[in-house]
Structure formats: structure tokens, C-alpha cells
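Below is one structure, written out as C-alpha cells; comments come after it.
The structure presented is a predicted model; accordingly, all values stated were derived computationally and were not measured. For ligands, and for the atoms within them, numbers begin at 1 and follow the listed sequence.
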Amino acid sequence: MEMSPEEKEKRKQMALSMCTCKSCPTWVEGAEPIAFCNVLIGKNAMITEEKGCICPTCPVFAKMSLTKDYFCTKGSEMEQKGMM
Ligand code: SF4
Ligand code: SF4
């Protein structure tokens with residue numbers, strides 16, 4: 001079943017509050033909003049160089065059972081799975 005807009009927004013806010021992207025070597029100042037794994041956010045054009053991804057150590061990664069990485073350059077989990 002498709003998630004309601006309210007549920008999507010709730011998950012986005014949760015991811016934003018726990019996201020550790022700003023401690024990642026790949027993140028660049030100003031590339032916001034973070035929580036690139038989230039379906040409402042996804043990749044950021046300001047980030048072009050992949051210098052390591054710390055997503056697997058982020059609490060959101062475990063909580064949302066994520067499987068991909070480099071969400072900032074490759075797109076959200078859903079996008080990388082070809083689900084959107
Ligand atoms: S998994 Fe990565 S993109 Fe998603 S909230 Fe955590 S650090 Fe940010
Ligand atoms: S998505 Fe991964 S590579 Fe991109 S800034 Fe966040 S932790 Fe770093």
C-alpha cells in the first residue's frame with residue numbers, strides 16, 4: 001500500500017533529525033536538506049565527488065533497513081531500487 005503523505009513527512013523528519021551526513025567526508029557545506037536516503041529528498045547536485053559514505057553507521061540506516069549507500073550522489077533508497 002502506498003504510504004500516506006503524512007507518513008512520508010514523518011519519516012523525513014525522523015531521518016533529518018538523526019542523519020550523520022554532515023560528518024561524512026563526501027558531504028559539502030550547503031548541500032541541504034541532508035537525509036538523502038529519504039524518498040522526499042534524494043540526490044544533491046552540489047555533491048559530485050564520492051569520498052567515502054558513512055551511511056551504514058547511521059542509526060537511520062538500521063532503523064529503515066536500508067541496503068544502498070551514496071544516497072547523495074545516487075539517489076534515495078527507493079530510487080536506487082528502481083521503485084520510483
Ligand atoms: S542513512 Fe545516510 S543519508 Fe540517510 S539519514 Fe543516515 S547518514 Fe543521512
Ligand atoms: S549519503 Fe553517504 S556519501 Fe552522501 S553525505 Fe551522506 S553519508 Fe556521505
Side-chain angles (χ1 to χ4, degrees):
M1 205 179 79
E2 173 74 1
M3 217 186 295
S4 70
E6 292 77 19
E7 182 59 26
K8 280 187 185 167
E9 184 59 31
K10 207 172 104 191
R11 288 187 184 204
K12 184 179 95 173
Q13 292 307 329
M14 182 274 294
L16 281 168
S17 71
M18 295 165 81
C19 182
T20 57
C21 282
K22 288 188 177 181
S23 305
C24 171
T26 294
W27 187 72
V28 298
E29 196 69 43
E32 298 199 50
I34 50 174
F36 310 107
C37 58
N38 185 268
V39 69
L40 299 179
I41 302 177
K43 65 182 86 156
N44 189 298
M46 286 181 70
I47 302 179
T48 53
E49 249 185 282
E50 295 178 345
K51 300 177 184 171
C53 179
I54 62 170
C55 285
T57 66
C58 169
V60 176
F61 194 88
K63 195 174 166 68
M64 301 307 293
S65 303
L66 301 179
T67 60
K68 307 293 185 185
D69 58 9
Y70 283 108
F71 303 107
C72 58
T73 53
K74 296 181 178 158
S76 68
E77 175 86 4
M78 296 268 280
E79 196 177 352
Q80 290 195 51
K81 282 182 168 166
M83 293 167 77
M84 56 178 280

- Query: Which ligand 1 atoms does Cys19 reach within 4.0 Å, using its non-hydrogen atoms?
  - Reply: 5 (S), 7 (S), 8 (Fe)

- Message: Between Glu32 and Lys22, is there a side-chain heavy-atom distance shorter than 4.5 Å?
- Response: yes

- Query: Ile54 versus Ser23: any side-chain heavy-atom pair under 4.5 Å?
  - Reply: yes

- Does Cys55 bring an N, O or S atom to under 2.8 Å of atom 4 (Fe) of ligand 2? no

- Atoms of ligand 1 less than 4.0 Å from Phe36 heavy atoms? 3 (S)

- Taking only non-hydrogen atoms of Thr20 and a 4.0 Å limit, the atoms of ligand 1 in range are 7 (S)

- Task: Determine whether more than 12 heavy atoms belonging to other residues, nucleotides or ligands lie under 6.0 Å from atom CD of Glu7.
- Result: yes

- Relative to the heavy atoms of Tyr70, which atoms of ligand 2 are at a distance of less than 4.0 Å? 3 (S)

- Message: One residue to check: Val60. Relative to ligand 1, which of side chain, backbone, both or neither has a non-hydrogen atom less than 4.0 Å away?
- Response: side chain

- Task: Please identify which atoms of ligand 2 are closer than 4.0 Å to at least one heavy atom of Phe71.
- Result: 1 (S)

- Message: Set out, in order, the CA-CA distance, both residues' side-chain angles and the distance that settles side chain to side chain contact (heavy atoms under 4.5 Å, CB included) for Thr67 and Lys81, then state yes or no.
- Response: CA-CA 9 Å; Thr67 60; Lys81 282 182 168 166; 3.5 Å; yes

- Query: Counting heavy atoms only, which of Ser76, Ala35, Cys21 is nearest atom 5 (S) of ligand 2?
  - Reply: Cys21

- Task: May I ask you to identify, for Ile54, whether its side chain, its backbone, both or neither come under 4.0 Å of ligand 2 on a heavy-atom basis?
- Result: both

- Query: For ligand 2, is Asp69 a contact, meaning one of its heavy atoms is under 4.0 Å away?
  - Reply: no

- Around atom 4 (Fe) of ligand 2, find the nearest protein heavy atom and jot down its residue, atom name and distance. Cys72 SG, 2.3 Å

- Message: On a heavy-atom basis, I'd like to know which of Cys37, Cys53, Ser23 is closest to atom 3 (S) of ligand 2.
- Response: Cys53

- Query: Hey, does Ile34 sit under 4.0 Å from ligand 1 if you only count heavy atoms?
  - Reply: no

- Query: What about Met46 and Trp27, same hydrophobic cluster or not, with Ile/Leu/Val/Met/Phe/Trp/Tyr joined at side-chain heavy-atom distances under 4.5 Å?
  - Reply: yes

- Is Lys74 paired with Glu79 through a side-chain N to carboxylate O contact shorter than 4.0 Å? no

- Are Val39 and Phe61 connected in a single hydrophobic cluster, I mean Ile/Leu/Val/Met/Phe/Trp/Tyr linked by side-chain heavy atoms less than 4.5 Å apart? no

- Ranked by distance from atom 8 (Fe) of ligand 2, the top protein heavy atom is Cys24 SG, 2.3 Å

- Ile41 side chain reached by Phe71 side chain, heavy atoms, under 4.5 Å: no

- Task: Would you check if Thr73 and Thr48 make a side-chain contact, meaning some heavy-atom pair closer than 4.5 Å?
- Result: no

- Honestly curious: do Met3 and Met84 fall in one hydrophobic cluster under the side-chain, below-4.5 Å linking rule? no

- Item | Under 4.0 Å to a heavy atom of Gly52 - the qualifying atoms of ligand 2, by number | 3 (S)

- Query: Is there a heavy atom of Ala31 sitting under 4.0 angstrom from any atom of ligand 2?
  - Reply: no

- Is it true that Lys10 and Glu6 make a salt bridge, defined as a side-chain N closer than 4.0 Å to a carboxylate O? no

- Query: What protein heavy atom sits nearest atom 6 (Fe) of ligand 1, and how far off is it?
  - Reply: Cys58 SG, 2.3 Å

